[in-house]
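These notes concern the structure reproduced below.
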Amino acid sequence: MAEKTDFEPNIVAFLCNWCSYAGADLAGTSRIHYPPNVRVIRVMCSGRVNPLFVMNALQQGADGVLISGCHPGDCHYMQGNYYARRRFNLMRNFLEYLGVEPERVRMSWVSASEGAKWKEVIEEVVNGVKAVGPMDMFKRRQLNW
Amino acid sequence: MVDIEKLREIAREIISRDDVRQLIGYRQGTYGFRARPAFVTDPGEVDKLIFSPACVNNLATYITLEERLPVPRGQEPDLRKVAVMVKGCDSRALVQQMEEKAYERERILVLGIPCTGVVDMDKVEKRFPGVLARGEIVLEGDKFLLTYDGKEEEVAKGELLADKCTRCRYPTPLVYDQLLDEEVARFADDDYADVEALEKRSAEEKWAYWEEKFSRCIRCYSCRNVCPMCYCEDCVLDRLNPQWMRRSVDVSENTAYHIARAYHLAGRCIQCGECQRVCPVDIPLMELNRKFYKDVEELYDYEPGTNAEAPPLLSTFKVDDREDFIM
Amino acid sequence: MKNPYIPYEVKIEEAWYETPGDRCIKTFKVTFADEKVWDDWSHLPGQCAMVGIPGVGESMFCISSSPTEKGYLRFSIMKMGKNTSALHELEAGDSFYVRGPLGNNFPLEEWKGKNVITIGGGIGQAPLRPVIQWIRDNRDDFGELTVIYGARTSADHCFKPEFEDLGSCGDACCHLAVDVEEEGWPHFVGFVPTLLMEVSPSPENAIAVTCGPPIMIKFVLENLEKLGFAPEQVYTTLENRMKCGIGKCGRCNVGHLYVCKDGPVFSYSQLKEIPEAFA
Amino acid sequence: MAVKKLSKDKVKEALQELTKFRLIAPAKSDEVVIFKQIENPDEAYLEYGNSTVPPKRVVFPQTETLFRFLRGSPELKEKDVEEEGTTVIFGLRPCDARAMAIVDRLFSWDYEDPYYLKRRQLTTLVGLACVEPPSVNCFCTSLGGSPFGTEGLDILLTDMGDHYLVQALTEKGEKLQETLSAHLEDAPAGDEKKAEELAAAAEGKIARSINTEGIPEKLPTLWEHELWKKVSAACLGCGICTFLCPTCHCFDIQDEVEETGEGRRARMWDSCMFSEYTLHASGHNPRPTRRERTRNRISHKYSYYPKRFEVIACVGCGRCINLCPVNIDILEILEQVVDAS
């Protein structure tokens, strides 16, 4: 799906404070170039991300959502990412069932030292969302009269 | 077949006990074939209790529905038990509620009804329209016997049976203090054919399907209120600060509502089908719940409402949970 | 006819805190952004207005200034929920929106020549303030004015400077109370209903007006009866959750009356007919 | 104006003609009949009993903008209902039209509600008489209505088998009949008499009833009566009975702001059966349980409303009985009210 398109998706990324946020930061300080489509929201732990955050992001204009946390075993709070893993596996399947392409809801493990992986993840997410186009299923419409 | 006389006798005994506050069962509805919940507090009232395939309501809801007002100064809280009649599916709601520590086992007294299936009242009323006088439904073998207006009719069981019963894995209650009849062996199983059929469609088809359904929703919240698992005192849907979904009714907010409702039942829905039964605009809510049910079973080998000792699905994990979807 | 759902913009001239704490009370002195609105505007003591910020919401508040105070309106608002918290963020120069005047008023015309006793508690003094102010500005029309007011602590007293003024200028007899003993408090210590019995005003040719927390109102009404006040002599205001303020949206009813439209001012004799009034 | 007939094979072309207005008609999706705007006559479903959601949603939409604003700007832009244009509701039942006539009193009482009243002015109601009562729980005749009732309607259609008898009842109705004149023919002689017979027969088929005399006065005297606890015990506190009631009119007002700073103040249906309905910001709730809420629902319809507006706010459409998930039956409650002492 290398279709050329002008569509620049909005990606909302929920990054855990201890690993993924630091990883994204490292990518920045290492001058690693990655697509500028991501809006980062820092949370203390991927386990803090409520599935309703994903729903609301998609409602409010995000074309894709990424949740990223520490690798299993590395969670600052010991197990937060394990809970997140269960939650978003189900959420992703469920949204797919409603017709939301799985490319729009992604999850990754990015550690504080993985600036390069962060770039790869973002590229994959952005390309994936580009391929499926803008999210307009249950996006809030323009204000109705 | 539950012997009604025996049921009433047991109920009389229970409600006469000092440590029982009320008994929740079924009684005849106000018209046609309907049955409705009955709340018995006095031995004199037990004669209205019934059980028949028309008793569709899941009474487990009432255990958590009652408003708990502050006890007036100088009064003791009423800690007496509540007795409740449950079918197989309903009993799983009790199990799940207890799994979530909604209340202690001692608070309730469970009258189990081994169940051979209940009717879908919509199917009944479509088949027998315009029946006002109170009628009766009994199941005899593989036929429902309907008596009304002095007439008697037989209908094949499958024609009036509720969809959920065709997939029922637990016809005999999983928790009870007293069983009102012989245990019923499992007579059906679930192959998730409906869920799989929808899963196979394209993203566009899926959304077209759900958009039409969700656009009908009037947000009466009957699906939430009837649900035995929706017992939060402060529901996320009602909160204005932060406001998770707006109260305005449009496709976006309705979808948000249905995502939130279904997700909150992930690993908790016990498949009693009440939400879909009560929906006035016929949104197939069970198709949403059943997607989670299927995934939870496949991914985590977990079946809600079957083991009160197990930790609730989403408040636990296994180190080797599937993560093939993670980058 | 003007669309009753469209509010007027008002500018805050002055804003100050009456009381401290989590549930602090802030008073806003405002004037209409469009001066022409004053031509259509007339209110009487006891009337209310919907106050809010587009994007946040609206809630009903009594107008705590008397129409005899020209050129501005006052609202005294306790920080409680979403809307009031947003209002509390505002300062002089900011604006918010007002819809009104709504509801009925105290029948001050009927009270001419009578002694008036106001009994207030906490933020409940807000609807009584315009009554007191109206009487002061039409002093010859009324008999004695007795003001009874209490709050949890002296810091929780609203309109403090005005009470000092009231007592000293001889317009009224002022009786203040705090719930619990505190150092340097020269006045009564105890609850308002008790203070009422202490003051023991005569019901002769008198009107009593009370507003405050429900539990206070309950006991004040009982005590007024003990003092010999007939239900027709006693007035209070009710409050309920409101949305439209004009008797349409339905939620504020007590019995067959809409608090927003038929109230907020009710005589005790009216309320005695309605079992829901004190729910 | 003379009575006309609309032949059934001309219904589609008549509806096509009406699509030049905002045409609202019953439409079916799955087993649910809902009034909605139709562009294509094939969408209309006239062989229905009664709609699940009453047509009140057309004149009193479930969600409606009052005005719009831009955050930080003082200008408020009022909604102009006029823009919606002339509306025709085609094929509604007499009880639902009567309900609108009842609710009109509330929205024009004291302050006039500009949105509702404007929309009512723009709307012409073409009713469809109930030759067969749509449900066993219809009881319109107990409340001054009838399966052939005309209150609130501009035109009444009666199904005569192969055609509809068309009777214009108001000026608005006559004007619409004029618009449709190309599709109408003179009514066969004897049609009117036959319709009267059908009406009498239909009234006879209404199976349920209640004598409402004295109920408005009696209800307030039963305030603390134990019946309220009993009848509300099974209540789930959902909004079915109120949202689907053609006379229920309570609403909430909410502000919504988008990220762009554009916002609106909108009103949306609310239900007295919800606990947040009366919840104060302080946390106090004057109606803390389902008992008080049920009591308020019944009292509002059968006592408070008639006290102020001289008509009971119920038309006997039977929706709340048919659709209640736990079979709470307003007629049974009213019978208990009558019997209570």
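The figures here come from the full heavy-atom set of this structure, side chains too, leaving out hydrogens, waters and symmetry mates. Below, read A as the first sequence line, B as the second, and so on, with proteins coming before strands; counting in each chain starts at 1.
Proximity to chain B (any heavy atom under 4.5 Å) is restricted, for D:Asn137, to the side chain, taken from C-beta onward. Looking at D:Ala266, there are no atoms closer than 4.5 Å to chain B (heavy atoms on both sides), in backbone or side chain. Only the backbone of D:Cys324 comes within less than 4.5 Å of a heavy atom in chain B; its side chain stays farther off. Heavy-atom distances place the side chain of B:Gln243, and not its backbone, under 4.5 Å from chain D. Neither the backbone nor the side chain of B:Glu253 has a heavy atom closer than 4.5 Å to any heavy atom of chain D. Within the 4.5 angstrom heavy-atom criterion, no atom of B:Glu125 approaches chain D. For D:Cys235, the part sitting under 4.5 Å from any heavy atom of chain B is the backbone (N, CA, C, O) and nothing else. Contact of D:Arg291 with chain B is not made at all, since no heavy-atom distance falls under 4.5 Å. Contact annotation for D:Lys36: neither backbone nor side-chain heavy atoms come within less than 4.5 Å of a heavy atom of chain B.
Using a 4.5 Å heavy-atom threshold, the side chains of B:Leu65 and D:Arg290 count as touching. No side-chain heavy atom of D:Val136 sits under 4.5 Å from any side-chain heavy atom of B:Val131.
When every heavy atom of B:Ser248 is checked against every heavy atom of D:Glu256, the shortest pair comes out as OG-OE2, 2.6 Å.
Between the side chain of D:Asn327 and the backbone N or O of B:Thr30, at least one donor-acceptor pair lies under 3.5 Å. The main-chain N or O of D:Cys238 is never found under 3.5 Å from a side-chain atom of B:Arg224 such that the two would form a donor-acceptor pair. B:Arg219 contributes no side-chain N or O that, together with a main-chain N or O of D:Gly239, makes up a donor-acceptor pair within less than 3.5 Å.
When each of D:Arg57, D:Glu132, D:Arg208, D:Lys230 is checked for heavy-atom pairs under 4.5 Å with chain B, D:Arg208 comes out on top. Among the candidates B:Asp282, B:Ile24, B:Asp122, B:Leu132, the residue making the largest number of heavy-atom pairs closer than 4.5 Å to chain D is B:Leu132. Taking D:Val33, D:Thr52, D:Ile321, D:Ile240 one by one and counting their heavy-atom pairs under 4.5 Å with chain B, the maximum is reached by D:Ile240. Ranked by heavy-atom pairs under 4.5 Å with chain D, the list B:Val278, B:Val249, B:Val226, B:Leu69 is led by B:Val249. Each of D:Met268, D:Glu31, D:Gln62 has some count of heavy-atom pairs under 4.5 Å with chain B, and the biggest count is that of D:Gln62. Interface check for chain B: of the options D:Ile328, D:Asn322, D:Leu279, the most heavy-atom pairs under 4.5 Å are formed by D:Asn322. Of all the listed residues (D:Val53, D:Ile34, D:Asp329, D:Leu323), the one sharing the greatest number of non-hydrogen pairs under 4.5 Å with chain B is D:Asp329.
Ion pairing between B:Arg216 and D:Asp30 holds under the 4.0 Å rule for side-chain N and carboxylate O. At a threshold of 4.0 Å, the pair B:Arg246-D:Glu258 counts as salt-bridged, since one of the basic side-chain nitrogens sits closer than that to a carboxylate oxygen.
In this structure, B:Cys230 SG and D:Leu236 CG are separated by 11.5 Å, a value rounded to the nearest 0.5 Å. Rounding to the nearest 0.5 Å places CD of D:Glu332 at 12.0 Å from OH of B:Tyr31. Here the CG atom belonging to B:Asp238 is positioned 8.0 Å from the CZ atom belonging to D:Phe274, to the nearest 0.5 angstrom.
Residues of residues 50-64 of chain B that come closer than 4.5 Å to chain D, counting heavy atoms only, are B:Asn57, B:Thr61, B:Tyr62, ordered by residue number.
At most 12 non-hydrogen atoms from other residues, nucleotides or ligands lie less than 6.0 angstrom from NZ of D:Lys229. In this structure, D:Glu224 places its CD atom where more than 12 heavy-atom neighbours from other residues, nucleotides or ligands lie under 6.0 Å away. Counted within 6.0 Å of NZ on D:Lys205, heavy atoms from surrounding residues, nucleotides or ligands total more than 12; the atom is thus considered enclosed.
Listed by chain and residue number, D:Thr242, D:Tyr277, D:Asn296, D:Arg297 satisfy the side-chain contact (heavy atoms from CB on, under 4.5 Å) test with D:Cys272 (two or more places apart in sequence, or in another chain).
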